[in-house]
2 protein chains.
Amino acid sequence: MSQCDVGYHRRMARWQPDARGRLEAAAFELFRERGFEQTTVADIAGRAGLDKRTFYRLFGDKREALFSGSAHLEEVLAKTVAETDAGPFEVVIAAFRRVAEEIFADRLELVRARQAIIESSPELQERELRKTGSLVAAVTAALRAKGLDESTATLATESGATVFRVAYARWVAPGGDVPLTDLIAEVATELRAITSASG
Amino acid sequence: MSQCDVGYHRRMARWQPDARGRLEAAAFELFRERGFEQTTVADIAGRAGLDKRTFYRLFGDKREALFSGSAHLEEVLAKTVAETDAGPFEVVIAAFRRVAEEIFADRLELVRARQAIIESSPELQERELRKTGSLVAAVTAALRAKGLDESTATLATESGATVFRVAYARWVAPGGDVPLTDLIAEVATELRAITSASG
DNA sequence: GTGCCGATGTCACCTTGCGACATCACGCTA
DNA sequence: TAGCGTGATGTCGCAAGGTGACATCGGCAC
């Protein structure tokens, strides 16, 4: 810290492209290697060849590095809701199935690794819940834009999201490899059955 | 820091009873007065006549001071599930209605104030989501203890929780004052209708 | 009284997250 | 080529969250 400090050390490649992507990759690696809590933001930035402060300029917080995909998810959901013509619940289910095909299919291993990280940390679980909530809000808004009333839109979205959550949990669980789309359809059917059973 | 430090200032009442309750009350007041983020843990502890370190010994973190009731909620839910005899979905609905009567009824104003605090902070929203998730897990476990299979228990719980969430949101929303129990029954009916509609 | 023990205070520390400011790399223009 | 923006980055400092280690106090058993 006192020797050799007159710096020719500024070979440091400022201006590397895709800082955001490199930070996401570094975070993912480190979370897998050491766990989320054992990884500091400085570690992540360091591995990406950047500074801690830069990380915080690109991500709201440490958790956010794991959730960059959710914006895209939201777009696909909203677009599908807008384009699909059917009953409210069916529209929502269709939207989630679209997402399952376009985004999740072919990425089972990646998703499982990611999910393992999330499940290892309460903080990340909370963030995931919040992201899901944000998705729900987007779908509800898209439904309302089609002229549905608030309460129908909300309930259709919430129940569709429930179906997705349950199907997703089964898909990610180790063992099976049934396509997520199929699981969503199955669970939707089960939901109909369970709610209409007389108690 | 250098003058008058020989302390007779230890009049400080160590050993005041109900430290936990006083901290919760102080936190609630301060969150309402200044907002969650503008309140430091030291502020809360100070108002309760205690030290920051003591707060952290009684609560896992700053958010937790607002969620002490959820343990009791969990007990009531689990007990009702165990005692009620009906179809899985109906059992879950019954449990949430019991909670609505025993815990929420007569506290609308308090609940609204609390909810206003929560909605003002993303951090608190995340924590609320997590608490809800924990409740869901407890109900699922109680259902499984009655002999139901994993997937039925999960789906019944999740859909019941969805009904509760929607009903709760309507109840807390300003304006109405229909009892929460009634709202839960209404929403359950709506859910049956919406899922069985042909798309 | 003596001594144990649990609840509390004190202190030091690391990390998160952010504001303020200095720098660097690049493109543009004369 | 020099000079000048401009935006992305690094550096510095700091408030607050959260925790471990240790000192201290109050009561209680003996």
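Given the structure is predicted, the values throughout are model-derived calculations rather than measurements. Every chain is numbered from 1 and lettered A, B, ... according to where its sequence line falls, protein lines coming before strand lines.
Using a 4.0 Å heavy-atom distance criterion, B:A42 is classed as making no nucleic acid contact.
In this structure, A:R20 atom CZ and D:dA8 atom P are separated by 13 Å, rounded to whole Å. The distance between atom CG of B:L124 and atom P of D:dG17, rounded to the nearest whole Å, is 12 Å. Between A:D18 atom CG and D:dT9 atom C1' the separation is 16 Å, expressed in whole Å. Regarding A:I44, its CD1 atom lies at a distance of 10 Å from the P atom of C:dG17, rounded to whole Å. If you take CG of B:L50 and P of D:dC25, they are 17 Å apart, rounded to a whole angstrom. For the pair B:R53 CZ and D:dA21 P, the computed distance is 11 Å after rounding to whole Å. Put simply, CZ on B:F55 is 9 Å from P on D:dG17, counting in whole angstrom units.
With sequence neighbours excluded, no residue forms a ring pair (Phe, Tyr, Trp, His ring centres under 6.0 Å) with A:F89. Applying the side-chain hydrogen bond (donor to acceptor under 3.5 Å, both in side chains) criterion to B:E74, with sequence neighbours excluded, gives B:S134.
Cation-pi geometry between A:R63 and A:F36 is not met at under 6.0 angstrom from the ring centre and within 45 degrees of the axis. Geometrically, B:R97 does not engage B:F164 in a cation-pi contact, judged by NZ or CZ lying under 6.0 Å from the ring centre and within 45° of the ring axis. Cation-pi check for A:R114 over A:F67 is met; the charged atom lies under 6.0 angstrom from the ring centroid and within 45 degrees of its normal.
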- [ ] In sequence, state the C-alpha distance, the side-chain angles, and the governing distance for B:R130 and B:E126, and then conclude on salt bridge (Lys or Arg N to Asp or Glu O under 4.0 Å).
- [x] CA-CA 6 Å; B:R130 173 161 134 200; B:E126 291 186 345; over 6 Å; no

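Only at 4.0 angstrom or more do the heavy atoms of residues 23-39 of chain A sit from any atom of DNA chain D, so none qualifies. Contacts between residues 56-66 of chain A and DNA chain C, defined by a heavy-atom separation below 4.0 Å, involve A:Y56, A:G60, A:D61, A:K62, A:R63, listed by number.
For A:T189 (side chain) and A:A185 (main-chain N/O), a donor-acceptor pair under 3.5 Å exists by modelled atom type. Side-chain atoms of B:T40 come within 3.5 Å of backbone atoms of B:D43 as a donor-acceptor pair (strictly under, hydrogens ignored).
Of the listed nucleotides (C:dC18, C:dT10, C:dT16), C:dT16 has the atom at the smallest distance from the side chain of A:V41.
Under the side-chain hydrogen bond (donor to acceptor under 3.5 Å, both in side chains) criterion, the residue pairs touching residues 101-111 of chain B are B:R98-B:E102, with sequence neighbours excluded.
For the pair B:T54 and A:E123, nearest-nucleotide mapping onto DNA chain C gives the more 5' position to B:T54.
Between B:Q38 and B:E33, every side-chain heavy-atom pair lies at or beyond the 4.5 Å cut-off.
Ion pairing of A:D149 with A:R144 is absent here, as no side-chain N (NZ or NE/NH1/NH2) approaches a carboxylate O to less than 4.0 Å.
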Can you name the atoms? Protein N/O to nucleotides 12-14 of chain C N/O, anything below 3.5 Å, with the distance.
none

